[in-house]
Amino acid sequence: MSKQRSGRSASRREGTAPAAGLPVNKNDEVMLDIIGMTHEGEGVGRVEGFTLFVSGALPGEKVRAKVLKTKKQYGYAKLLELVQASGDRIAPPCPIYDQCGGCQLQHMDYTAQLAWKRQLVVDNLQRIGKLEVAGAPGRGAEAGSGDGLAGTERVAAEGESVASGSAARAQAEGIIVQPTLGMDEPWRYRNKAQVPIGVTEGGLVGGFYARGSHRIVDMETCLIQHEHNDDVVSAVKRIGRELGISAYNEETGRGLLRHVVVKKAFRTGEMMLVLVTNGRDIPHLDAWLGSIREQLPDVVSICQNVNTQRTNVIFGNETRVLWGRDVIYDYIGDVQFAISARSFYQVNPAQTEVLYGKTVEYAGLTGNETVIDAYCGIGTISLFLAQHAAKVYGVEIVPEAIEDARGNARLNNMNNVVFEVGASEDVIPNWKEQGVTPDVIVVDPPRKGCDPRLLETILTMKPERVVYVSCNPSTLARDLRVLEDGGYKTMEVTPVDMFPHTVHVECVIWMERRG
């Protein structure tokens with residue numbers, strides 16, 4: 001018979017138990033007060049100082065949970081019963097939310113999601129960056145990187161509210177962290193679907209991987225995808241079943257169809273379909289193309305990407321057009337972009353405009369500045385900045401992205417932008433030798449953050465402003481600490497909710513050189 005223990009609520013991590021003699025064992029049932037939430041969206045509770053992570057639990061709740069796994073300093077538990085619910089809890093509208101791993105926060109009220117994401121940023125700035133935040137307590141969350149725990153714990157304080165920008169300025173000096181900029185309608189926002197394909201007795205299935213696995217959950221509708229993406233995926237599966245198309249099997253390496261990738265241009269309405277296949281030959285190709293064209297009139301481009309590697313990477317190296325154009329066109333603000341099968345393009349166009357607008361604002365451009373855009377991709381931020389700057393230099397290590405960036409500059413008749421292939425930390429010093437002196441450097445790195453050599457390069461170049469666009473608060477805080485120690489001051493941070501109902505949050509950060 002399972003033991004049931006009572007957990008204690010605490011706002012700081014107490015001393016962890018040794019490996020032997022833990023206060024809980026696997027299969028124990030425990031009562032927990034949920035005092036925080038990890039960066040992965042798991043509730044955080046404690047039993048005699050021992051931390052348990054509970055998927056689906058929200059801060060402020062009391063739950064009964066079953067211990068699934070223990071480690072030296074923490075463990076995982078399954079939510080069995082909601083004894084006392086949070087006022088932020090709602091019923092998730094998606095019918096497969098409990099199975100699918102695509103969203104993590106549908107059970108949390110959207111306003112609460114925005115507040116939690118802001119607090120996540122604050123906690124990382126304080127704990128990892130050792131930075132002072134205006135209006136925040138003098139300490140961050142304790143459960144996080146560097147101490148063996150799985151995520152960032154939010155300290156739940158009674159009556160704590162998210163300060164507005166004006167109120168924050170009235171607080172003690174420190175970094176102003178603005179409220180998270182959310183969406184008026186936080187559903188159906190994604191313009192790209194990447195759906196893995198599998199097979200059951202009924203034929204082709206496609207959806208998302210179940211949480212923590214590669215088992216495909218079949219799906220006909222996704223509430224964060226544009227409806228037309230759902231329509232295209234469903235039609236491709238249906239046509240594939242009718243034609244007897246086989247699905248790729250990860251274990252055997254056999255079967256044809258691996259992924260269906262759909263891109264939707266929100267402004268123009270154009271759509272692209274990419275069939276990712278395990279081999280070049282597609283049986284019944286003419287019949288398949290004919291059915292897709294007949295049933296899906298918005299699709300103006302049908303491409304094939306060939307990936308024969310035994311890997312979970314979606315795309316292979318070869319892409320060809322089966323029918324129609326090789327690109328679709330869309331706009332962010334007044335800037336037009338050509339989007340190819342493998343182009344990186346932000347998946348939430350409405351919030352991308354918000355994100356880039358804040359980037360331009362923080363760059364403080366008057367029309368006379370020289371700007372360097374590190375990690376420029378296909379030139380999205382560069383071209384936004386070029387509307388307001390004298391000259392913009394963009395650098396990106398992926399050659400195909402630079403080709404797209406140059407094409408997008410020509411598409412918009414922008415002659416004040418220069419793009420170059422290479423690592424930022426190599427190319428930017430070469431520009432300096434050529435006499436390029438940036439007033440502003442903008443960085444938009446991947447989740448791992450900026451390369452240390454790029455940070456050194458920024459400190460050497462000494463631009464008046466640095467604008468950091470981040471998709472990972474922990475690496476952001478680490479990099480800000482380096483720039484602060486090198487002579488910059490972080491002035492303001494604005495979180496932007498690019499991915500509602502998930503745990504991800506983007507930020508735009510304004511830094512100025514001291515003195």
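The figures that follow rest on heavy atoms only: side chains count, while hydrogens, waters and symmetry mates do not. Because the structure is a prediction, the values reported are computed rather than measured.
A 4.5 Å side-chain heavy-atom check between Glu227 and Arg188 finds at least one atom pair inside the cut-off. Residues Gln126 and Leu131 are not in side-chain contact: their nearest non-hydrogen atoms beyond the backbone lie 4.5 Å or more apart. The shortest side-chain heavy-atom distance between Leu58 and Met108 falls under the 4.5 Å cut-off. Put simply, the side chain of Asn191 does not reach to within 4.5 Å of the side chain of Asn348, judged on heavy atoms. The closest side-chain heavy-atom distance from Thr70 to Val67 is below 4.5 Å. Using a 4.5 Å cut-off on side-chain heavy atoms (C-beta onward), Cys94 and Leu223 make contact. Under the 4.5 Å side-chain criterion, counting only non-hydrogen atoms from C-beta, Val47 is not in contact with Met31. Residues Leu355 and Gln346 are in side-chain contact: their nearest non-hydrogen atoms beyond the backbone lie under 4.5 Å apart.
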Could you go through Tyr110 and His501, starting from their C-alpha distance and side-chain angles, then the distance that decides it, and tell me whether this counts as ring pair (Phe, Tyr, Trp, His ring centres under 6.0 Å)? CA-CA 8 Å; Tyr110 186 57; His501 313 296; 5.8 Å; yes
Going through the checks in order, is the side-chain contact (heavy atoms from CB on, under 4.5 Å) test met by Ile328 and Thr268? CA-CA 9 Å; Ile328 59 175; Thr268 65; 5.9 Å; no
Full working for side-chain contact (heavy atoms from CB on, under 4.5 Å) between Val354 and Met183: CA-CA 10 Å; Val354 172; Met183 301 187 72; over 6 Å; no
Trace of the side chain to side chain donor-acceptor pair (under 3.5 Å) decision for Tyr76 with Ser55: CA-CA 8 Å; Tyr76 297 91; Ser55 180; over 6 Å; no
For Arg118 and Asp497: C-alpha separation, side-chain torsions, deciding distance, then whether salt bridge (Lys or Arg N to Asp or Glu O under 4.0 Å) applies. CA-CA 10 Å; Arg118 177 189 181 273; Asp497 191 23; over 6 Å; no
Residues Asn124, Ser474; criterion side chain to side chain donor-acceptor pair (under 3.5 Å); working and verdict: CA-CA 6 Å; Asn124 277 275; Ser474 61; 4.6 Å; no
With side-chain contact (heavy atoms from CB on, under 4.5 Å) as the criterion, how do Tyr329 and Phe337 come out once you've worked through the C-alpha distance, each side chain's angles and the decisive distance to 0.1 Å? CA-CA 6 Å; Tyr329 295 97; Phe337 293 95; over 6 Å; no
Assess whether ring pair (Phe, Tyr, Trp, His ring centres under 6.0 Å) is satisfied between Phe53 and Tyr74, documenting all intermediate values. CA-CA 8 Å; Phe53 300 118; Tyr74 61 92; 5.6 Å; yes
Does the pair Val469 and Val443 meet the rule for a side-chain contact (heavy atoms from CB on, under 4.5 Å), with working shown? CA-CA 6 Å; Val469 181; Val443 296; over 6 Å; no
Please report the C-alpha distance between Arg465 and Glu512 in whole Å, then the side-chain angles of each, then the deciding distance to 0.1 Å, and finally whether the salt bridge (Lys or Arg N to Asp or Glu O under 4.0 Å) criterion is met. CA-CA 5 Å; Arg465 287 195 182 204; Glu512 287 195 357; 3.2 Å; yes
Give the C-alpha distance, both sets of side-chain angles, the deciding distance and a yes or no for side chain to side chain donor-acceptor pair (under 3.5 Å) between Gln434 and Asn430. CA-CA 6 Å; Gln434 297 167 21; Asn430 291 340; over 6 Å; no
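For residues 447-470, no pair satisfies ring pair (Phe, Tyr, Trp, His ring centres under 6.0 Å), with sequence neighbours left out. Among residue pairs with one or both ends in residues 454-464, those qualifying as salt bridge (charged side-chain N to carboxylate O under 4.0 Å, His left out) are Glu464-Arg513; sequence neighbours excluded. The salt bridge (charged side-chain N to carboxylate O under 4.0 Å, His left out) pairs that include a residue from residues 437-450 number zero, where partners must be two or more places apart or lie in different chains.
In the model, Glu484 has a side-chain atom that pairs as donor or acceptor with a side-chain atom of Thr490 under 3.5 Å. When only modelled atom types and interatomic distance are considered, Tyr189 and Gln351 share no side-chain donor-acceptor pair under 3.5 Å. With no hydrogens or angles considered, a side-chain donor-acceptor pair links Glu420 and Trp431 at under 3.5 Å. A donor-acceptor pair shorter than 3.5 Å can be found between the side chains of Gln178 and Glu492. Between the side chains of Gln113 and Asp109, no donor-acceptor pair is found at a separation under 3.5 Å.
Not one N or O on the side chain of Gln99 forms a donor-acceptor pair closer than 3.5 Å with the backbone of Tyr97. Checking side-chain atoms of Asn408 against main-chain N and O of Asp404 turns up a donor-acceptor pair under 3.5 Å. Put simply, the side chain of Thr180 never gets that close to the backbone of Gly182: no donor and acceptor are under 3.5 Å apart. A donor-acceptor contact shorter than 3.5 Å links the side chain of Gln104 to the backbone of Val503. The backbone N or O of Cys103 sits nowhere less than 3.5 Å from a side-chain atom of Gln106 that would complete a donor-acceptor pair. When atom types are taken as modelled, the side chain of Arg481 and the backbone of Gly129 share a donor-acceptor pair closer than 3.5 angstrom. Distance alone, capped at 3.5 Å, places no donor-acceptor pair between the Arg478 side chain and the Ile128 backbone. With hydrogens and angles ignored, the 3.5 Å screen pairs no side-chain donor or acceptor of Ser343 with any backbone N or O of Tyr345. A distance-only check finds no donor-acceptor pair linking the side chain of Asn412 to the backbone of Val335 [under 3.5 Å]. Under the 3.5 Å distance criterion, the side-chain polar atoms of Lys432 are left unmatched by any main-chain donor or acceptor of Thr437.
For Glu425, the side chain to side chain contact (heavy atoms under 4.5 Å, CB included) partners are Ala423, Asp451, Arg453, Leu454, Thr457, not counting sequence neighbours. Qualifying salt bridge (Lys or Arg N to Asp or Glu O under 4.0 Å) partners for Arg89, counting only residues two or more places apart in sequence or in other chains: Glu61.
The NZ atom of Lys263 sits 7.0 Å away from the CD1 atom of Ile339 when rounded to the nearest 0.5 Å. Atom-to-atom distance recorded for Leu80:CG and Arg64:CZ is 5.0 Å, nearest 0.5 angstrom. Residue Lys489 holds its NZ atom at 13.5 Å from CG of Leu483, rounded to the nearest 0.5 Å.
Other residues, nucleotides and ligands place no more than 12 heavy atoms under 6.0 Å from the CD1 atom of Ile397.
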Compile the donor-acceptor pairs under 3.5 Å between side chains in residues 376-393 and protein atoms, sequence neighbours left out, one pair per line.
from: Thr380; atom 1: OG1; to: Tyr356; atom 2: OH; distance (Å): 2.9
from: Ser382; atom 1: OG; to: Asp373; atom 2: OD2; distance (Å): 2.5
from: Gln387; atom 1: NE2; to: Phe384; atom 2: O; distance (Å): 3.3

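Remark: Arg267 does not engage Asp330 in a salt bridge, criterion side-chain N to carboxylate O under 4.0 Å.
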